[in-house]
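The structure appears right after this line, and notes come after that.
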Amino acid sequence: MTDVLRSLAAAAPDGVDRAAEVGAIPLPDHYRAVTLHREDVEMFAGIPSAEKDPRKSLHVEEVPLPELGPGEALVAVMASSVNYNTVWSSIFEPLPTFAFLERYGRLSPLAKRHDLPYHIIGSDLAGVVLRTGPGVNAWKPGDEVVAHCLSVELESPDGHDDTMLDPEQRIWGFETNFGGLAEIALVKSNQLMPKPAHLTWEEAAAPGLVNSTAYRQLVSRNGAAMKQGDNVLIWGASGGLGSYATQLALAGGATPICVVSSPQKAEICRSMGAELIIDRTAEDYRFWKDEHTQDPKEWKRFGKRIRELTGGEDIDIVFEHPGRETFGASVYVTRKGGTITTCASTSGYLHEYDNRYLWMSLKRIIGSHFANYREAYEANRLIAKGKIHPTLSKVYALQDTGQAAYDVHRNLHQGKVGVLCLAPEEGLGVRDHEMRARHLDAINRFRLP
């Protein structure tokens, strides 16, 4: 059965309606998936976060095919990718994801499907729709799709202005089960979007979570509402989130000030078109004197360096995601009336800053989390139009997902790392070869030799 599903990866539809063909494929009882086990949640007890090893907690195994419910779709996953929530899941931080599944399972009998002793993780996919449940009209078997990771119930009025505010909003594959690091995934049909035709499966699977997150955080009116001419400080500008923020800033007429940690990452930013770059390792910024004490002198040195690059201007928007390590400096260097948008907190959740620099200078801190459906759609549309490009650097096989998560956890990667699921090899799934040829250098910008 896996061979039948794999054949979908190589077949080019060329405009042919494959609904009947794909709809006739018998679904398997089981499929391979990357899982966590509830019984393992204490395996890293007492070990520092940096030393926890995803290769020990992530399993690749056969799991039963879940029941398809109303408004849902089963997707044959050709490729997926590793996000930082993959790392969090794998090291059971900030808490084991089984707590999310238990809470979701109490919502309804249908949601109870998600509360299992194993968790299939992964919040990105590119693939082919296999089946749709009752009430799904926009998608059919054979459609080539990507999925955003917003899972939402929309039974409360709170979510109808901005779906991210729905009290039952969850991140698929992190706070729900049946995620994208698998041969088959279960999604709500309103997670689906058209696959960009000029990209391979692995390229199309890479942008979803991080591109949408960056779009809301930086461009959307729900985030910083970036405008032409803004100076945007981007931490980790060649990384999974920062690489999209850098592209969005450049495409929107803003000026990115890119913070990186090596000459190689600086060169990647220059290749995207960024000119103002700070190598924080080479310039040896140490924002903390010790575990408990920040160093305002370093904030000031950092701010002086920014003004040297910008011709004396301060930062309009800070694209914040490292969190504890950098947040005090971020608040300090933002101009009067400027904005700090924050998500992720990959260096720690307990942020500390001097409120005098926020309060007396009328600055704003905006919390930003993933994206609503409209924002995710707009972000995907920019990919499909070749305005923003994938930042895929390396691709792993499904059975090597533990190593992929380990590399992201140790910051041994750049951009995004992909995972082949049903696709038998890289390079498949391209439908618009002419458009691809126009953008090939940009598509391959992050690829490692």
Side-chain angles (χ1 to χ4, degrees), residues 33-61 63-64 66-67 69 72 80 82-124 147-156 158-159 163-182 185-188 191 209 213 321 323-324 342-351 367-370 401-402 405 408-409:
V34 177
T35 65
L36 295 166
H37 293 175
R38 189 190 301 268
E39 64 187 15
D40 292 338
V41 298
E42 297 296 330
M43 68 185 300
F44 297 128
I47 299 175
S49 293
E51 297 177 18
K52 296 177 181 179
D53 190 342
R55 295 172 299 186
K56 297 179 179 179
S57 58
L58 292 176
H59 308 267
V60 179
E61 61 185 335
V63 295
E67 173 192 356
E72 296 180 338
S80 184
V82 171
N83 292 289
Y84 215 84
N85 71 11
T86 314
V87 176
W88 288 331
S89 299
S90 69
I91 63 176
F92 307 109
E93 290 189 8
L95 73 165
T97 54
F98 292 97
F100 303 141
L101 304 185
E102 288 172 10
R103 179 177 179 271
Y104 191 23
R106 292 194 293 267
L107 183 67
S108 70
L110 200 62
K112 183 64 177 174
R113 294 170 301 165
H114 293 257
D115 185 7
L116 296 169
Y118 59 88
H119 186 186
I120 304 166
I121 62 172
S123 298
D124 279 321
H148 67 77
C149 63
L150 170 61
S151 176
V152 66
E153 304 303 313
L154 284 183
E155 293 186 305
S156 164
D158 295 348
T163 45
M164 286 301 296
L165 298 180
D166 192 276
E168 297 295 343
Q169 174 270 321
R170 293 173 175 83
I171 298 299
W172 160 72
F174 179 58
E175 296 168 299
T176 79
N177 219 322
F178 314 120
L181 285 165
L186 178 72
V187 299
K188 293 181 183 294
Q191 291 178 240
L209 185 150
T213 299
H321 53 97
R324 179 175 175 80
T342 177
C343 75
S345 297
T346 52
S347 70
Y349 304 103
L350 296 177
H351 299 186
S368 187
H369 181 41
F370 187 57
T401 302
V408 173
H409 186 32

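Given the structure is predicted, the values throughout are model-derived calculations rather than measurements.
Here the shortest heavy-atom pairing between H37 and F98 reads C-CZ, 3.4 Å. When all heavy atoms of P167 and D158 are compared, the pair lying nearest together is CD-CB, 4.0 Å. Taking both residues in full, the closest heavy atoms of P54 and H409 are given as CD-CD2, 4.2 Å, listed atom of the first, atom of the second, then distance. L186 and E72 make their closest contact through CD1-OE1, 3.6 Å (heavy atoms, listed as atom of the first residue, atom of the second, distance). The shortest heavy-atom contact between R324 and L350 is NH1-O, 2.8 Å. Scanning both residues, L36 and S90, for their nearest heavy atoms gives CD2-CA, 3.9 Å.
In this structure, Y349 and W88 have tilted ring planes: the angle between them lies in the 30° to 60° band.
Side-chain contact between I120 and T35 is present, with at least one heavy-atom pair separated by less than 4.5 Å. For the pair S156/E168, no side-chain contact is recorded, criterion being any heavy-atom separation below 4.5 Å from C-beta on. T213 has its side chain out of reach of H321: every pair of non-hydrogen atoms, C-beta onward, lies at least 4.5 Å apart. Side-chain contact between N85 and I171: present, with at least one pair of heavy atoms (C-beta onward) separated by less than 4.5 Å. Side-chain contact check for H114 versus R170: every heavy-atom pair is 4.5 Å or farther apart. A 4.5 Å side-chain heavy-atom check between M164 and H369 finds at least one atom pair inside the cut-off.
Judged purely by atom type and a 3.5 angstrom limit, Q191 uses its side chain to pair as donor or acceptor with the backbone of K188. At least one donor-acceptor pair under 3.5 Å links the side chain of R113 to the backbone N or O of E67.
T401 contributes atom OG1, which lies 7.5 Å from atom CD1 of I121 (distance to the nearest 0.5 angstrom). The distance from the OG atom of S49 to the CD atom of E93 is 3.0 Å, given to the nearest 0.5 Å. Atom CE of M43 is separated from atom CG of D53 by 8.5 Å, given to the nearest 0.5 angstrom.
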Stepwise, does the side-chain contact (heavy atoms from CB on, under 4.5 Å) test hold for F92 with D40?
-> CA-CA 9 Å; F92 307 109; D40 292 338; 4.2 Å; yes

Would C149 and L209 count as a side-chain contact (heavy atoms from CB on, under 4.5 Å) if you check the C-alpha gap in whole Å, the side-chain angles of each, and the deciding distance to 0.1 Å?
-> CA-CA 7 Å; C149 63; L209 185 150; 3.7 Å; yes

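Identified under the side chain to side chain donor-acceptor pair (under 3.5 Å) test for residues 171-181, with sequence neighbours left out: none.
Applying the ring-ring contact (aromatic ring centres under 6.0 Å, His included) test to F370 and every residue at least two apart in sequence or in another chain returns nothing.
Residue-environment remark: CG (L95) exceeds the threshold of 12 foreign heavy atoms within 6.0 Å.
S123 and N83 form no side-chain donor-acceptor contact under 3.5 Å, judged by distance and modelled atom types alone.
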List the atom pairs, with distances to 0.1 Å, where a side-chain N or O of residues 99-108 and a protein N or O form a donor-acceptor pair under 3.5 Å, not counting sequence neighbours.
from: E102; atom 1: OE2; to: R38; atom 2: NH1; distance (Å): 2.6
from: Y104; atom 1: OH; to: E153; atom 2: OE2; distance (Å): 3.1
from: S108; atom 1: OG; to: L110; atom 2: N; distance (Å): 3.4
from: S108; atom 1: OG; to: A111; atom 2: N; distance (Å): 3.0

